[in-house]
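Residue numbers run from 1 in the order of the sequence given.
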Amino acid sequence: MISESNVASSRNLDTEDSDLSKSVILHLEKMLQTALDKQEKLEREKLNLERNLTQKAELYEDAMRMMHTIRMQHNEMIQAQFERICFLEGEIEPAQKDALKGREIAEGYEKKIAECKDLQEALEELEQEMRTAVATARAEMERKYDPEVKRLQCELQAIRDQHAITTAAFAKYQQETQAMMD
């Protein structure tokens, strides 16, 4: 049978066990609370990290889109510049041909100017030679034919004088003949 002391001791033990159990429970509750606090803290950190990760992912996607857009614009710009270069190269060749033709024309023009200058000088020389030849010929003719011309001029004057005398005599004869007939 159970004695009272055993019951009391059992109660004591129960009380001690109960105190111990309460203390273990309290300790476990504290540990549980700490674990829950830690879990909550970790959950918050996880949410913050997920938010940061999402923001970084969005930022990365935005950056990738921007890079893609920039690359596309860059490629379009390069294509446009390449087309412009091709166009300008196409324009350069005819311009170079025109410039070459222009140089050839200018050289031909310069040659013609030089020829004209040479011809002008030759013409001036010929004119001078002609003036000299004419002056020489005139002087020679005057020297050669001057006495003959003077003689002929004297003869011409004599003929004129004779003609005047003859004309006057004829006029007188005509008057006389007329007077006789009247």
S.K.: Would you mind reporting whether Glu43 and Leu47 have side-chain heavy atoms less than 4.5 Å apart?
M.R.: no
S.K.: Identify which one of Glu125, Arg131, Glu124 satisfies the side-chain hydrogen bond (donor to acceptor under 3.5 Å, both in side chains) criterion when paired with Gln128.
M.R.: Arg131
S.K.: Using the side-chain contact (heavy atoms from CB on, under 4.5 Å) criterion, which residues pair with Gln175? Sequence neighbours excluded.
M.R.: none
S.K.: Evaluate the side-chain proximity of Asp118 to Glu121: yes if any heavy-atom separation is below 4.5 Å, no if none is.
M.R.: yes
S.K.: So for atom CD, which belongs to Gln157, do other residues, nucleotides or ligands contribute more than 12 heavy atoms lying within a distance under 6.0 Å?
M.R.: yes
S.K.: Measuring from Thr69:OG1 to Gln73:CD, what's the distance to the nearest 0.5 Å?
M.R.: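 The CD atom of Gln73 is 6.5 Å from OG1 of Thr69, to the nearest 0.5 Å.
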S.K.: Taking CE in Met77 as the centre, count heavy atoms belonging to other residues, nucleotides or ligands within less than 6.0 Å. Is the count above 12?
M.R.: yes
S.K.: With rounding to the nearest 0.5 Å, note down the distance linking CD in Glu155 to CD in Gln162.
M.R.: 13.0 Å
S.K.: Do Glu176 and Lys172 touch side chain to side chain, with heavy atoms closer than 4.5 Å?
M.R.: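 Yes, their side chains come closer than 4.5 Å.
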S.K.: To the closest 0.5 Å, what do you measure between CG (Leu28) and OG (Ser23)?
M.R.: 9.0 Å
S.K.: Can you tell me how far apart NZ (Lys56) and CG (Leu49) are? Round to the nearest 0.5 Å.
M.R.: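 One finds 8.5 Å between NZ of Lys56 and CG of Leu49.
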S.K.: Is the shortest distance from a Lys or Arg side-chain nitrogen in Glu107 or Lys111 to a carboxylate oxygen in the other one below 4.0 Å?
M.R.: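 Salt bridge flag = no for Lys111 with Glu107.
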S.K.: Identify the two heavy atoms, one from Arg51 and one from Asn48, that lie closest to each other, and give their separation to 0.1 Å.
M.R.: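 Reported closest heavy-atom pair: NH2-OD1, 2.8 Å.
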S.K.: Determine whether the side chains of Gln79 and Asn75 contain a donor N or O and an acceptor N or O closer than 3.5 Å.
M.R.: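 Judged by distance alone, the side chains do not pair up.
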S.K.: Atom CG in Leu59, atom OG1 in Thr54: separation rounded to 0.5 Å?
M.R.: 12.0 Å
S.K.: Within the structure provided, determine whether Thr132 and Glu129 are in side-chain contact (heavy-atom separation under 4.5 Å).
M.R.: no
S.K.: Below 4.0 angstrom, N of the basic side chain to O of the carboxylate: do Arg44 and Glu40 qualify?
M.R.: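 Yes, this pair counts.
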S.K.: Is it the case that over 12 heavy atoms from other parts of the model lie below 6.0 angstrom from the CZ atom of Arg65?
M.R.: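 Counting neighbours around CZ of Arg65, more than 12 heavy atoms of other residues, nucleotides or ligands fall under 6.0 Å, so yes.
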S.K.: Do Gln81 and Arg84 have a side chain donor and acceptor closer than 3.5 Å?
M.R.: no
S.K.: Would you compute the distance between atom CG of Asp37 and atom CG of Leu32 and round it to the nearest 0.5 angstrom?
M.R.: 9.5 Å
S.K.: Salt bridge check, Glu148 against Arg151: does any charged N sit closer than 4.0 Å to a carboxylate O?
M.R.: yes
